[in-house]
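In what follows, chains carry the letters A, B, and so on, assigned in the order in which the sequence lines appear, proteins first and then strands, with residues in each chain numbered from 1. These numbers were taken from a predicted model, which means no experiment stands behind them.
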There are 2 protein chains.
Amino acid sequence: MTGVTTAAAEPAEPQPDAPTEAGTEAGTAKPRRARGEQTRQLILETALRLFRERGYAETTMRVIAKEAGVAVGNAYYYFDSKEHLIQGFYDRNQAAHHAAAGPILATEKELAPRLRGVLHAGIDVNAPYHSFAATFFKTAAEPTSPLSPFSRESAPAREAAIAIFREVVDGSTAKLDPELRKELPELLWLGWMGVVLFWVYDKSPGQRRTRRLIDGAVPLIDRLVSLSRLRVLRPALRQVLALIETVRKDD
Amino acid sequence: MTGVTTAAAEPAEPQPDAPTEAGTEAGTAKPRRARGEQTRQLILETALRLFRERGYAETTMRVIAKEAGVAVGNAYYYFDSKEHLIQGFYDRNQAAHHAAAGPILATEKELAPRLRGVLHAGIDVNAPYHSFAATFFKTAAEPTSPLSPFSRESAPAREAAIAIFREVVDGSTAKLDPELRKELPELLWLGWMGVVLFWVYDKSPGQRRTRRLIDGAVPLIDRLVSLSRLRVLRPALRQVLALIETVRKDD
DNA sequence: CACACCTCTTGAACATGTTCAACTAACCGC
DNA sequence: GCGGTTAGTTGAACATGTTCAAGAGGTGTG
């Protein structure tokens, strides 16, 4: 849970401003008025609830506004577009994934189970939103969208996600090539994006095919990572790393 | 079910309007149908041209209709939605890719250059539509959309695409594990989807990063395919194939 | 207190994808 | 030729995301 969640049972309390301005929230300035933040949260909560209840496309901005008891234009004062409401969902699930991964990362020390646990935790967290996620995935896929996982706007969220996989690697007992170790977290995150992609398309009951994919792919990755220390595979590994380097240039 | 776009085996060329009802129909008289088909083509041509000229989002259905000289409702008689116009683009580029790959496949006999040639040909064909493709990709990404490359509706197009990669493999001199040989075309197609994904997000001038990705990835794939015959890697290969098998179950 | 200012709120207006009932015209059976 | 059937066509009407000029309400300053 982030500290932002609750829909505030308390009326705006004399909490005028924290000792430090500590406005680590998304971008915009953080003046002393808390009233706006309350409205913002109200709109976001309402929107996410409606998305879950009736789906993204079926939830109109007018309904969100009406249900939240504000004018439609007010929603646009806080969120640039309907899509931007999704960012809230995004951030929240990101945090939930991190929290859910905690226990496994604290317990397990071997690479494979760590990775497996983190991946399953990610699916667990997202499971309740599978049908909704499918529709909103569409907007996230648009390259020009700020919601794209590769966009500059979602860089913080992306970094946070990669950090989870860095913890998977760094906290493990696995011995691996130092250069590979450096790149592995991002590669694993990329793999995770692939799993999510697969999951979004997975129509099997309970998305069990995705579970099977994870269970099958993790040992494979584990094996490949181990094999990468073999002499025969050294040039191939170098080739992979060089490719990553080359492709990454001028972005 | 085939017969989506029958005579589409040619590279996409503007093809100025056929002489208006001159000698259009010969023996197989479907004059009734022919008129509709003509309108359909006219709308599609107009739409694709406008998409290229001004982008997908910026091209309104009203403008398409006006430019084509028909009523807006008429476009909806032939195409279920604006997105469905994209299917035309899809089919056409698929055919163009096949055509563009022809010379390389006829000339080259080694796996790596064959694959490289086919991939570059694919990018060549799509290059003029890069900015438009980004938006189109958004639509294709939606799992419920018939335009998704994984949907049942696009199975024919998908099969056609995989067939290109089957030709890449089968026509090559490369010696490889028989089971791998069976799976490789689909895997390469999946890789091609990945390249397309990368390309869509590639904002470098002329999408040169994608070119570099291809040039870097092809030798790597080539090397891995060769290495797969090594004894040490035999179990890993089996593991990969088993994973594919497992995941594919109940779809 | 008056005034200015700034955050926040409003709802009508606008743009665009989509639908629909009505209309036209070519064809077919008589 | 006549009436009916059906493919083809129309444009107004509708739904929804988004914008915008105007106003409300509080906060600080003179």
Side-chain angles (χ1 to χ4, degrees), chain A residues 11-14 16-17 21 23 25 27-44 46-47 50-51 54-87 135-136 138-139 142 144-147, chain B residues 20-21 24-25 28-44 46-47 50-51 54-87 135-136 138-139 142 145 147:
Chain A
E13 217 15 63
D17 31 4
E21 26 222 302
E25 266 299 64
T28 52
K30 189 72 170 229
R32 52 246 150 143
R33 297 264 177 83
R35 179 153 138 258
E37 191 56 29
Q38 200 177 340
T39 308
R40 181 196 176 86
Q41 288 302 323
L42 173 63
I43 292 171
L44 180 57
T46 307
L50 290 173
F51 287 167
R54 19 202 306 188
Y56 178 73
E58 290 71 25
T59 304
T60 73
M61 291 299 279
R62 283 168 182 78
V63 168
I64 294 173
K66 180 175 241 177
E67 198 88 353
V70 300
V72 61
N74 202 2
Y76 281 92
Y77 180 77
Y78 292 103
F79 300 92
D80 288 348
S81 73
K82 187 182 176 187
E83 295 187 0
H84 276 73
L85 283 165
I86 295 176
Q87 186 75 47
T135 43
F136 107 60
K138 166 183 177 173
T139 62
E142 164 129 53
T144 61
S145 164
L147 293 173
Chain B
T20 44
E21 58 200 276
T24 322
E25 62 279 328
T28 57
K30 295 203 295 187
R32 188 97 164 263
R33 275 285 211 263
R35 176 153 144 260
E37 192 55 31
Q38 200 175 340
T39 308
R40 181 196 178 86
Q41 289 301 324
L42 173 62
I43 293 170
L44 181 58
T46 307
L50 291 172
F51 288 166
R54 23 205 299 192
Y56 179 73
E58 291 69 27
T59 303
T60 73
M61 291 299 279
R62 284 168 182 77
V63 168
I64 295 173
K66 180 176 241 179
E67 199 86 356
V70 301
V72 61
N74 202 2
Y76 281 91
Y77 180 77
Y78 292 102
F79 300 92
D80 287 348
S81 73
K82 187 182 175 186
E83 296 186 358
H84 276 73
L85 283 165
I86 296 175
Q87 186 74 49
T135 4
F136 141 86
K138 164 184 179 173
T139 317
E142 166 130 53
S145 165
L147 292 173

>> At less than 4.0 Å, is any side-chain N or O atom of B:N74 found next to OP1 or OP2 of D:dG8? Yes or no.
In response: no
>> Does a side-chain N or O of A:S81 approach OP1 or OP2 of D:dG17 to a distance below 4.0 Å, or not?
In response: no
> Could you give the CZ-to-P distance, from A:R62 to D:dT19, as a whole number of Å?
Replying inline: 13 Å
> Side-chain N or O of A:T39 less than 4.0 angstrom from OP1 or OP2 on C:dC8?
Replying inline: no
> NZ of B:K66 versus C1' of D:dG11: gap in Å, rounded?
Replying inline: 13 Å
>> Reading DNA chain D from 5' onward, which residue's closest nucleotide shows up sooner: A:E58 or B:R40?
In response: B:R40
>> Below the 4.0 Å mark, does D:dT9 have OP1 or OP2 next to a side-chain nitrogen or oxygen of B:Y77?
In response: no
>> B:D80 vs B:Q87, test: side chain to side chain contact (heavy atoms under 4.5 Å, CB included). Steps then yes/no.
In response: CA-CA 11 Å; B:D80 287 348; B:Q87 186 74 49; over 6 Å; no
>> On the six-membered ring of B:F79, is B:R40 placed so that its NZ or CZ lies under 6.0 angstrom from the centre and within 45° of the ring axis?
In response: yes
>> One pair to check against side chain to side chain contact (heavy atoms under 4.5 Å, CB included): A:Y56 and A:I86. What are the steps and the verdict?
In response: CA-CA 9 Å; A:Y56 178 73; A:I86 295 176; 3.6 Å; yes
> Once you round it to whole Å, what is the distance between P of D:dT18 and CG of A:D80?
Replying inline: 10 Å
>> By nearest atom, which of the nucleotides C:dT19, D:dT18, C:dT16 is closest to the B:V72 side chain?
In response: C:dT19
> To the nearest angstrom, how far is A:K82 atom NZ from D:dG17 atom P?
Replying inline: 4 Å
> Whole Å only: how far is the CD1 atom of B:I43 from the P atom of D:dT10?
Replying inline: 9 Å
> OH of B:Y56 versus P of C:dT16: gap in Å, rounded?
Replying inline: 14 Å
> Where the side chain of A:Y78 is defined as all heavy atoms beyond and including C-beta, which of C:dT9, D:dT16, D:dA12 is the nearest nucleotide?
Replying inline: C:dT9
> Which whole-number value in Å describes the distance from A:R54 CZ to D:dA15 C1'?
Replying inline: 14 Å
>> Checking A:T60 against A:K66 for the side chain to side chain contact (heavy atoms under 4.5 Å, CB included) test, could you report, in this order, the C-alpha distance in whole Å, the side-chain angles of both residues, the deciding distance, and whether it holds?
In response: CA-CA 10 Å; A:T60 73; A:K66 180 175 241 177; over 6 Å; no
>> D:dT18, OP1 or OP2 - any side-chain N/O from A:Y76 closer than 4.0 Å?
In response: yes
>> Given the ring of A:F51, does A:K82 sit roughly above its face, with NZ or CZ under 6.0 Å from the centre of the six-membered ring and within 45° of the axis?
In response: no
> What is the nucleic acid contact for B:V70, judged by heavy atoms within less than 4.0 Å: base, sugar-phosphate only, or nothing?
Replying inline: sugar-phosphate
